[in-house]
Student: 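My questions all concern the structure below.
Small disclaimer: the values here were computed from a predicted structure and weren't measured.
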Amino acid sequence: MSPSGNLYVVSAPSGTGKTTLVKTLIDTLPSITVSVSHTTRPKRPAEEHGINYYFIDQTEFDRMIQHDDFLEHATVFNNSYGTSRTWVEEMLRKGIDVILEIDWQGGQQIQHLFSQCISIFILPPSLAALSERLKLRNQDKSDVIKKRLADAQETVSHVAEYDYIIVNDDFDTALNDLKTIILAGRLVESRQTKKLASLIRELTTG
């Protein structure tokens, strides 16, 4: 019996660098992928449908909720986001680790459904640094940036609900911390006893 993949929840205040960290991680490790969420948010110029998100309208999103197509879904800044149930479960069955980049609302839903999921929270080094990053990425107007900074306080208030905390001050350090968590997750007893069943049987029965 092949081991199932681990499910990871990664949350952070908007602008912390979560997406860049996760993308770099999956480019450097085998057998891991990131779930592409469905959203009603308008597509930004550099984004691609099916790569960054599946961009759908609210009617389609509501239909998917009614059909129980989402593992979790949440509304953030008046836009809906949801994670495909079928796709995630298929990847895990294949032994592939799956990362869900979701907010704390979705994180709570996933941790309720998957008690063995591994949750990671990424913090910015300071509120000032977060504000500067939001301005530098040049994606939002000043009033939206203010809302995102206010939302960061609510988001960070849920940090104690997560298994691991990483501070994204130095990118390489944060990436190494994230990689360490993923690699350690692959060595947990429940996964290793499936993967190494024949070895353990040989060593215990002679």
Student: Please output the side-chain donor-acceptor pairs of residues 124-132 that fall under 3.5 Å, not counting sequence neighbours, one pair per line with the distance.
Tutor:
{"from": "Ser126", "atom 1": "OG", "to": "Ala129", "atom 2": "N", "distance (Å)": "3.0"}

Student: Can you run down the ring-ring contact (aromatic ring centres under 6.0 Å, His included) pairs that involve residues 175-206, sequence neighbours left out, and say none if there aren't any?
Tutor: none
Student: Run the side-chain donor-acceptor check on residues 51-58: report pairs under 3.5 Å with partners two or more places apart or on a different chain.
Tutor:
{"from": "Asn52", "atom 1": "OD1", "to": "Glu48", "atom 2": "N", "distance (Å)": "2.6"}
{"from": "Asp57", "atom 1": "OD1", "to": "Thr59", "atom 2": "N", "distance (Å)": "3.3"}
{"from": "Asp57", "atom 1": "OD1", "to": "Glu60", "atom 2": "N", "distance (Å)": "2.8"}
{"from": "Gln58", "atom 1": "OE1", "to": "Ser80", "atom 2": "OG", "distance (Å)": "3.2"}
{"from": "Gln58", "atom 1": "NE2", "to": "Asp62", "atom 2": "OD1", "distance (Å)": "2.9"}
{"from": "Gln58", "atom 1": "NE2", "to": "Ser80", "atom 2": "OG", "distance (Å)": "3.4"}

Student: In the hydrophobic cluster built from side-chain contacts under 4.5 Å, what are the other members alongside Leu136?
Tutor: none
Student: Determine which pairs satisfy side chain to side chain donor-acceptor pair (under 3.5 Å) with at least one residue from residues 170-185, sequence neighbours left out, and list them in order.
Tutor: Asp170-Thr173
Student: Per the ring-ring contact (aromatic ring centres under 6.0 Å, His included) rule, what does the pair list look like for residues 118-138, sequence neighbours excluded?
Tutor: Phe121-Tyr162
Student: According to the ring-ring contact (aromatic ring centres under 6.0 Å, His included) rule, which pairs have a member within residues 94-118, sequence neighbours left out?
Tutor: Trp104-His158
Student: Salt-bridge test for Arg41 and Glu47: reply yes if a basic N is under 4.0 Å from a carboxylate O, no otherwise.
Tutor: yes
Student: Quick one: does Asn168's side chain have a donor or acceptor within less than 3.5 Å of a partner on Ala174's backbone?
Tutor: no
Student: Does Arg201 have any side-chain contact (heavy atoms from CB on, under 4.5 Å) partners at least two apart in sequence or in another chain, and if so, which?
Tutor: Ala197, Ser198, Thr205
Student: Got a sec, which hydrophobics cluster with Ile99, joining ILVMFWY side chains under 4.5 Å apart, including via others?
Tutor: Tyr8, Val10, Leu21, Val22, Leu25, Ile26, Leu29, Ile32, Val34, Ile118, Ile120, Ile122, Tyr164, Ile166, Phe171, Leu175, Leu178, Ile181, Ile182, Leu183
Student: Report the residues that fulfil side-chain hydrogen bond (donor to acceptor under 3.5 Å, both in side chains) with Ser37, sequence neighbours left out, ordered by chain and then residue number.
Tutor: none
Student: Going by salt bridge (Lys or Arg N to Asp or Glu O under 4.0 Å), name the residues that satisfy it together with Lys43, two or more places apart in sequence or in a different chain.
Tutor: none
Student: Under the salt bridge (Lys or Arg N to Asp or Glu O under 4.0 Å) test, which residues partner Glu89, sequence neighbours left out?
Tutor: none
